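Some notes on the structure that comes next.
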Amino acid sequence: MLRKLAVGGLKNRWKDYLILLSGLIISSAIFYLFETLATNSRFLQANGEVVSFTGYIFNFGSILLMLITFVYLNYANNFLLNMRKHDYGLFMMLGAKKKKIGQLVWVETILIGILSTIIGIALGILASSFVPRLLTKLLGITPKYYEPFWGKAILWTALLYLGLFLLGAILNTIVMVRKPALKLLKSEQTVSKSFMPWYLQLLQALVGILLLVAGYWVISNANVLKQSTIPASLITLTLGSYFLFNASIIVIIDFLRKSRLAKKKIEYFYVGAAKI
Amino acid sequence: MNTPVVKVVNLKKVYGKKNEKMYMALKKIDFEMQQGEFVGIMGASGSGKTTLLNMLSTFDSPTSGSVKIAGDEVSSLKGDQLADFRAQKIGFIFQDFNLIESLTAAENIALPLSLQSVTANEIDKKVAEVAQILGISELLKNYPYELSGGQKQRVACARALVHDPAILFGDEPTGALDSKSARELLSLLTEINEKHRTSILMVTHDPFSASFCNRILFIKDGYISRQLLKDKKQTRGVFYQEILDILGTFEQ
C-alpha cells in the first residue's frame, strides 16, 4: 500500500513530473558528458596541449555545473514538495503517523532521484559518443583514447546526483513531518508572495547585472587576469545569474500571469511550475 | 450518564502571531453533544464556524479552553497519539471530497485502515460493510474520475466511517453537490445517524442542509448566539421554515 501510494502519486501527475524529470535528466546527462572529458586523464594527455587545456576548463566547467545542479535541484525539490503537500496533508488528517509520512516522502524523492540519474547517465553516454566527431570538427584533431562509456564519469555523476537527492529526501522529510496537516492540505489555496522588500529586490538585480557584466568582460579580456580568468568568471557568472534570476523571477511571472497568454491558460502550468 | 461525544468549555481562538494584527475568531464557546446526535453549525462566513470545526476535529489547536472528544482532551494529544486518535475516533468529510485520484474507491475507503497497518483481510471486510451501508458496493473498483460528484462524496463518506469513528465531522459536505445529490447525501447521513447511532456534526451555511439535523447552533462573531432544537413531532419542512425565520432575524 505504501508503495502504491508513492508510485500512484507519480503516475497520477506524470505530466508535472515529466517536466521535473526531463530537466533533471538533461542536467545529469550534461554533467556526465563533462565528466567523460574532465576525468579521462589518458585522453587529456595524449591529445596535445589544446585538449589538455580544454580538460582544465572542463574541470571548472564541472564545478560550475555542480553549482547550477545544486540550485536547480533545490528548485526541483521544492516543486516536488509542493505538488505532494496536499496528499500528505490528507494522509495526516486520516491518521497517518509521522513515520509513515516520512517513509512516503523518502521513497518518492529517492525514486525520482534514481530514475533521473540512470536515464541521465544513459543519455549522457549516447551524447558523448558524438564528442570525438565534434572535436575533430572544431579543433581539427582525431582524439585518441576518448571513451563515451567512462567508469569514472558514471561514478561521479551517480555520486553527485544520488548524494544531492539523498540530501533532498532528508530535507523533504523534515519539512513535511513538521508542518501541521491543515496547512499542507490548504497549501494549494494559499498564494505564496514574495516577502522581499522592493529595494532589496532592486539591489539584487543591480548586483546581479554588475556581476554578469564583470564576468563576461573578464572572459573577453583574458589577458588581464590570465590564469585566474576562469575561476573569476565562474564565481561572477554564477552569482550574477542567481541574483538576477532571484530578483526578476517574481516580477516576470506576475507579468506573465496577468498577460493574455496566461488568461488563455496555455502557459498556466509552466508559469505555476516556475513560481515554485 | 454517558460521557458526551463532544464537550467544549470556554474555547477561545486567536489568530495572528506576536507583532502581527490579532484576530479573535472564537471568543467563548461552550457546548455539549451527546452520542447519536446530528448537530449542525450555522453562521455567516467569518463567524468562526470553520475555526470551531477545525478545533473539534484536532486540525487546529485552541488558544485556551478545553475540547473533549469521546472523553479525551484533544489539545493534550501529540505526535503518534494524535495520529492514532484521528485514525480511530474521528471521521471527516470535506466539501471537495479530497479523494486520491490514483486509488480506486475501495482503496480510498481503506486509506485510514491501511495507514494504521490493519491486515488486508480485516480491511476488505470493513470496506465491504461500509460500502453496503452507503450503497456504493458496485463502485468499489472505479477510480474517482469515473464517479459523479454525489458518488465521490459517498465514497468520501465511506472513508470517514470505515473505522467506526466516535463522531463524523462534515465541512459543508453538500457544498460542491447539485441539489439532487445533496438531498441524497443528507438522507443517507440521516439514515446512518438513526440506524447506526453515529454522531454527526456538520458545518453548513445552507438552511436546507441544516434542516436534516436534530439541533442547530448558530454562531455569530465568535459566540454561540442561538440554539434551535428540532421537535420529534416536527416535519423537516416545518423545521426548515423555522431555520429560515431565525436566519432572517439573525442578520440584523
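Chain A is the first sequence line, chain B the second, and so forth, proteins listed ahead of strands; every chain is numbered from 1. Keep in mind that what you see is a predicted model, and the values were worked out from it rather than measured.
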Item to complete: Decide if atom CD of B/Glu73 counts as having more than 12 heavy atoms of other residues, nucleotides or ligands within a radius under 6.0 Å.
Response: yes
Discussion item. Atom OH of residue position A/Tyr242 - does it have more than 12 heavy atoms of other residues, nucleotides or ligands inside 6.0 Å?
Written reply: no
Worksheet item: Closest heavy-atom contact between A/Lys100 and B/Ser114?
Response: NZ-O, 3.9 Å
Worksheet item: Can you name the closest pair of heavy atoms from B/Gln116 and A/Lys97 and give their distance?
Response: NE2-NZ, 3.8 Å
Worksheet item: So which part of B/Phe94 gets closer than 4.5 Å to some heavy atom of chain A, the side chain, the backbone, both or neither?
Response: side chain
Discussion item. Is B/Phe59 close to chain A through its backbone or its side chain, or both, or neither, when contacts mean heavy atoms under 4.5 Å?
Written reply: both
Worksheet item: More than 12 foreign heavy atoms under 6.0 Å from NZ of B/Lys27: is that the case here?
Response: yes
Item to complete: Please report the closest heavy-atom contact between A/Phe91 and B/Leu111, naming both atoms and the distance.
Response: CE2-CD1, 3.9 Å
Worksheet item: If you draw a 6.0 Å radius around CZ in A/Phe149, do more than 12 non-hydrogen atoms from other residues or ligands fall strictly inside?
Response: no
Practice prompt. Would you give the length of the straight line joining atom CE of A/Met92 to atom OG1 of B/Thr58, rounded to the nearest 0.5 angstrom?
Written response: 12.0 Å
Worksheet entry | Residues, nucleotides or ligands: over 12 heavy atoms within 6.0 Å of B/Lys68 NZ | no
Worksheet item: How long is the gap from CG on A/Leu94 to CD1 on B/Ile100, to the nearest 0.5 Å?
Response: 8.0 Å
Worksheet item: Could you state the interatomic distance from CG (A/Leu90) to CG (B/Leu99), rounded to the nearest 0.5 Å?
Response: 8.5 Å
Discussion item. With rounding to the nearest 0.5 angstrom, report the CG to NE2 distance, B/Asn98 to A/His86.
Written reply: 4.0 Å
